[in-house]
Amino acid sequence: MRDLSRRRLLTGSGALLGTGLLGGCDAPALSHLATPYDWSNGLTFAVQRWLLARQPLVREFDRSRISAVFPTINTTDPDDPAYKRSRAVDFTDWKLPVSGLIERPGAFSLADLRLMPARTQVTLHSCEQGWSAIGEWTGVPLAHLLAHVGLKPQARFIVIRSVDGWWDSYDLFDALHPQTILAYGMNGGSLPVKHGAPLRLRVERQLGYKSLKYIAAIEAAERVDGYGKGRGSMVAELGFPWYAGI
Ligand SMILES: Nc1nc2c(c(=O)[nH]1)N[C@H]1C(S)=C(S)[C@@H](COP(=O)(O)O)O[C@H]1N2
Ligand SMILES: [Mo]
């Protein structure tokens, strides 16, 4: 990798863009190429995918490296009546619906998810707003849950909604990655409310905003332009590109 010049990187990713060899190339981020910024964002996205295809796992740390303080940001206590009721009973009535292009749609309780194979990983979280921290996350790989319910062959994106109105979409490159987990545990305990209880996503190869907290529903889709304003995520609707700031 070290001998790759910038020129080779650029021509390489250009070729990938041109031939559409790269998964997710016709994704919304690359279909709005109106300004030079859009072009550079699309190119960054393509280069990131190209490099990450050769770097399967992000770095995992020893438990001794866990940050003493893991900051919280944005929503830390959702102001939603149903959420508050569920929180009052320790989320024992909580269920996660999985629907869309799925062979066996269903709804899963925390107990159901805890019975599935678990993965624990100590990773570096980098927030696009300028801070980072190391935490340990335990949960079920999203790939396992999707295999359990059966993705239909047309499914190309996973759309996830949160209790606080945040939502985002993920191509299968990220959704099926072994370190993409639905976490119910943090630093050896159960996931605290301020960090997204009862369930949050960890998408370790992306910046912090992509790791949705307070997950309410999961859907599999062929396209994402039918959701919201058609830009693939809440942050995109606020003016940042889908997969902003990679
Ligand atoms: N539902 C929801 N998910 C979210 C957010 C949020 O406000 N609501 N903030 C995002 C951002 S920008 C970051 S950096 C992380 C922060 O997670 P933390 O509060 O556990 O540190 O969650 C992400 N997921
Ligand atoms: Mo963030």
Side-chain angles (χ1 to χ4, degrees), residues 29 41 44-45 48 58-61 65-84 86-87 91 94-98 110 113 119-139 142 157-171 174-175 177 179-219 224 227-229 231-246:
N41 191 56
T44 307
F45 185 76
Q48 193 245 20
V58 303
R59 179 172 175 196
E60 294 188 13
F61 297 82
R65 302 285 306 277
I66 293 174
S67 301
V69 176
F70 197 112
T72 59
I73 199 164
N74 307 319
T75 309
T76 51
D77 189 7
D79 191 21
D80 176 87
Y83 178 84
K84 288 183 169 172
S86 188
R87 179 187 173 174
F91 302 109
W94 178 90
K95 284 216 165 182
L96 173 69
V98 185
L110 267 186
L113 297 177
R119 186 176 210 283
T120 293
Q121 57 204 30
V122 181
T123 53
L124 176 71
H125 175 105
S126 298
C127 172
E128 64 300 329
Q129 293 173 69
W131 55 272
S132 53
I134 294 178
E136 182 192 67
W137 308 97
T138 299
L142 180 56
F157 299 97
I158 304 301
V159 181
I160 303 188
R161 301 173 192 281
S162 293
V163 165
D164 59 352
W166 280 55
W167 67 278
D168 214 319
S169 62
Y170 307 82
D171 56 17
D174 278 335
H177 186 263
Q179 288 166 319
T180 297
I181 65 172
L182 296 166
Y184 45 72
M186 180 185 187
N187 296 344
S190 51
L191 183 67
V193 165
K194 60 186 179 178
H195 290 296
L199 194 72
R200 80 172 299 164
L201 189 66
R202 294 296 314 165
V203 190
E204 303 293 358
R205 296 192 300 184
Q206 303 296 340
L207 290 174
Y209 77 98
K210 219 59 191 170
S211 286
L212 285 181
K213 309 198 279 188
Y214 316 109
I215 294 181
I218 296 184
E219 255 176 78
V224 294
Y227 293 84
K229 295 179 186 160
R231 301 208 189 123
S233 77
M234 186 206 72
V235 290
E237 292 176 356
L238 292 177
F240 304 95
W242 186 68
Y243 279 95
I246 294 163

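Both ligands and their constituent atoms are indexed starting at 1 by order of listing. Values below: every heavy atom of this structure, side chains too, minus hydrogens, waters and symmetry copies.
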* Asked: Using 30° and 60° as the class limits, which term best fits the ring planes of W167 and Y227: parallel, tilted or perpendicular?
  -> tilted
* To do: For the residue pair W242 and F157, categorise the inter-ring angle as parallel (less than 30°), tilted (30 to 60°) or perpendicular (more than 60°).
  => perpendicular
* May I ask which of R161, H195, M186 has a heavy atom nearer to atom 18 (P) of ligand 1 than the others do? => H195
* For atom 8 (N) of ligand 1, which candidate among D164, N74, L207 provides the closest heavy atom? -> D164
* Find out whether V122 and I134 are in side-chain contact, i.e. whether some heavy atom of one side chain is under 4.5 Å from a heavy atom of the other. => yes
* Using a 4.5 Å cut-off on heavy atoms from C-beta on, say whether the side chain of D168 contacts that of K210. => yes
* Asked: With sequence neighbours excluded, what pairs up with Y214 under the ring-ring contact (aromatic ring centres under 6.0 Å, His included) test?
  -> Y83
* Any pair counted as side chain to side chain donor-acceptor pair (under 3.5 Å), so long as it reaches residues 67-82, sequence neighbours left out -> T75-D164, D77-R87, D79-K84
Enumerated ligand 1 atoms positioned under 4.0 Å from heavy atoms of [X]:
X: F70; result: 21 (O)
X: C127; result: 14 (S)
X: S162; result: 1 (N)
X: T72; result: 19 (O), 21 (O)

In terms of residue, atom name and distance, what is the protein heavy atom nearest to [atom]?
atom: atom 17 (O) of ligand 1; value: R200 NH2, 3.1 Å
atom: atom 24 (N) of ligand 1; value: S211 O, 3.0 Å
atom: atom 3 (N) of ligand 1; value: K213 N, 2.8 Å
atom: atom 6 (C) of ligand 1; value: W166 CE2, 3.4 Å
atom: atom 14 (S) of ligand 1; value: H125 NE2, 3.1 Å

Say whether [X], considering both its backbone and side-chain N or O atoms, lies within less than 3.5 Å of an N or O atom on ligand 1.
X: I73; answer: yes
X: P71; answer: yes
X: W131; answer: no

* To do: Look at ligand 1 and say whether G196 reaches it with a heavy atom at a distance under 4.0 Å.
  => no
* Does Q129 have a non-hydrogen atom less than 4.0 Å from ligand 1? -> yes
Which atom names give the shortest non-hydrogen contact between [X] and [Y], and what distance separates them?
X: A216; Y: P97; result: O-CD, 3.1 Å
X: Y209; Y: W166; result: O-CZ3, 3.9 Å
X: R200; Y: H195; result: NH1-O, 3.1 Å

* Among R202, E136, R59, whose side-chain contact (heavy atoms from CB on, under 4.5 Å) with Q121 holds? -> R202
